[in-house]
Asks: 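To start, I am sharing the structure in question, which I have written as structure tokens.
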Amino acid sequence: MKIVTTVSELVDIINDWQKNNQTIGLVATMGYLHEGHQSLIKKSAEENDRTVVSIFVNPTQFAPNEDLTSYPRDLENDCRLAENSGASLIFAPSAEEMYPNGFNSYVEVVGITDLLEGKSRPTHFRGVTTVVSKLFHLTCPTRAYFGQKDAQQVAVISQMVCDLNFPVQIVVCPIVREADGLAKSSRNTYLSKKERQAALVLSQTLSLAEELIKTGEWRVAAVIQKMTDFINNEPLAQIDYIEIVDAKTLNMAESFTQPVLILLAVKINQTRLIDNLLLV
Ligand code: PAF
């Protein structure tokens, strides 16, 4: 497995692969890899001749008050995990390499970026779509792999790929959870032991909602209210949002007749976590 840090090294390798008609899978990450990322890399390695893993803590998707500087980083361990999962190449550029002096172009999806995460993080998705566009151009992937954990990110990137005719297939992989239900996330490392226990409230609330719906609760507002009450019983938790939306449009669901996504963002003390459940 090769590790490159510059655009020109990356492009040379991609050109060689393309000359040899090799299919390319891209797993875009911000590093600090865990089993969630590894599941994407493994899937890509199964489905493509070559797999590129990008490791880049993308400054444009963080607001000034967010955790850009404290975001966990461990390139050496990331390279080991990526290689064990079947990666062919790591692209780990610096911020200057991705955004050199004079950089002044952004890719923006409108509409669905105003909802959910976009409400609390208004500049976030513009940063995501800009960096992902750059990575698509640089790596020319046949397929790109994203986790269902970031459900809105998947919807936004799929919209961009469709609108801007990127010749790439988006493959969405299931959420990977700890044995006790906590969704894997690089940000889980911020949690103290007590907070880690409190963070279980996210997956437990989603299970509660699933149970309520399965046992006949048909009122969306009633499900949201019971989820709210459940989270409010956890003293370390503060709700950012709980929403039940149409899985396709991300508009508020009025009933459970169509596939819905139940999404939540909750702060456990200072750590903001997200989780979701797709009900089809
Ligand atoms: O999901 C992430 O880790 C990031 O948003 C991504 C897609 C790597 C873009 O920086």
Side-chain angles (χ1 to χ4, degrees), residues 5 7 10 25-41 43-44 51-63 66-75 77-78 81-82 85 87 89-99 103 105-109 112-113 116-118 120-139 141 143-161 164 166 168-176 183-190 263 265 271-276:
T5 56
V7 164
L10 172 67
L26 170 68
V27 180
T29 82
M30 298 209 300
Y32 218 73
L33 303 187
H34 50 66
E35 287 92 331
H37 300 111
Q38 286 181 281
S39 73
L40 306 181
I41 301 169
K43 179 98 174 137
S44 172
T51 291
V52 184
V53 177
S54 63
I55 297 180
F56 179 57
V57 183
N58 173 35
T60 61
Q61 68 188 75
F62 289 80
E66 292 181 349
D67 55 344
L68 173 62
T69 48
S70 59
Y71 196 85
R73 292 160 169 89
D74 187 348
L75 184 59
N77 194 46
D78 287 348
L81 294 179
S85 309
L89 175 68
I90 298 275
F91 176 52
S94 64
E96 295 70 38
E97 186 69 13
M98 290 300 270
Y99 301 113
F103 181 93
S105 304
Y106 293 87
V107 177
E108 189 165 14
V109 172
I112 53 169
T113 52
L116 302 160
E117 286 296 287
S120 310
R121 309 180 71 194
T123 55
H124 172 68
F125 286 117
R126 186 176 92 143
V128 171
T129 42
T130 300
V131 81
V132 170
S133 300
K134 282 176 70 87
L135 292 169
F136 283 172
H137 285 307
L138 293 172
T139 62
R143 302 180 186 85
Y145 296 79
F146 293 94
Q148 174 64 22
K149 160 102 186 326
D150 295 301
Q152 189 178 10
Q153 172 169 280
V154 167
V156 170
I157 291 171
S158 302
Q159 177 87 49
M160 174 186 84
V161 162
L164 302 183
F166 278 98
V168 57
Q169 183 192 335
I170 300 299
V171 182
V172 185
C173 299
I175 298 177
V176 178
K184 300 257 182 191
S185 163
S186 307
R187 289 190 168 99
N188 291 349
T189 52
Y190 297 152
L263 306 111
T271 304
R272 186 175 179 280
L273 300 174
I274 58 172
D275 201 349
N276 69 80

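Atoms within each ligand, like the ligands themselves, are counted from 1 in listed order. All residue numbers in this chain count up from 1 along the given sequence.
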Asks: Go through the steps to decide whether Glu66 and Arg121 satisfy the test salt bridge (charged side-chain N to carboxylate O under 4.0 Å, His left out), and finish with yes or no.
Replies: CA-CA 9 Å; Glu66 292 181 349; Arg121 309 180 71 194; 2.8 Å; yes
Asks: What protein heavy atom is closest to atom 3 (O) of ligand 1, reported as residue, atom name and distance in Å?
Replies: Met30 CG, 3.6 Å
Asks: Could you tell me the residue and atom name of the protein heavy atom closest to atom 5 (O) of ligand 1, and the distance to it rounded to 0.1 Å?
Replies: Gln153 OE1, 2.7 Å
Asks: Please tabulate, for side-chain N and O atoms in residues 33-41, each donor-acceptor pair with protein atoms closer than 3.5 Å (sequence neighbours left out).
Replies:
from, atom 1, to, atom 2, distance (Å)
His34, ND1, Gly36, N, 3.0
Glu35, OE1, Lys184, NZ, 3.0
Glu35, OE2, Lys184, NZ, 3.3
His37, ND1, His34, N, 3.0
Gln38, NE2, Ser85, OG, 3.2
Ser39, OG, Gly36, O, 2.7

Asks: Can you classify the ring geometry of Phe56 versus Tyr99 as parallel (below 30°), tilted (30 to 60°) or perpendicular (above 60°)?
Replies: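 Tilted: the ring planes of Phe56 and Tyr99 meet at 30° to 60°.
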Asks: At a 4.0 Å threshold, what atoms of ligand 1 neighbour a non-hydrogen atom of Val131?
Replies: 9 (C), 10 (O)
Asks: With backbone taken as N, CA, C and O and side chain as the heavy atoms from C-beta onward, which portion of Thr29 lies under 4.0 Å from ligand 1: side chain, backbone, both, or neither?
Replies: backbone
Asks: Just go through Ala144, Ser54, Ala28, Gly127 and tell me whose heavy atom is the nearest to atom 8 (C) of ligand 1.
Replies: Ala28
Asks: Please say whether more than 12 non-hydrogen atoms of neighbouring residues, nucleotides or ligands are located less than 6.0 Å from NZ in Lys134.
Replies: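 Enclosed: over 12 neighbouring heavy atoms sit under 6.0 Å from NZ of Lys134.
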Asks: Do Asp67 and Arg187 meet the salt-bridge criterion of a basic N to acidic O distance under 4.0 Å?
Replies: yes
Asks: At less than 4.0 angstrom from any non-hydrogen atom of Gln61, what atoms of ligand 1 do you find?
Replies: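 So the answer, numbered in order with elements, is 4 (C), 5 (O), 9 (C), 10 (O).
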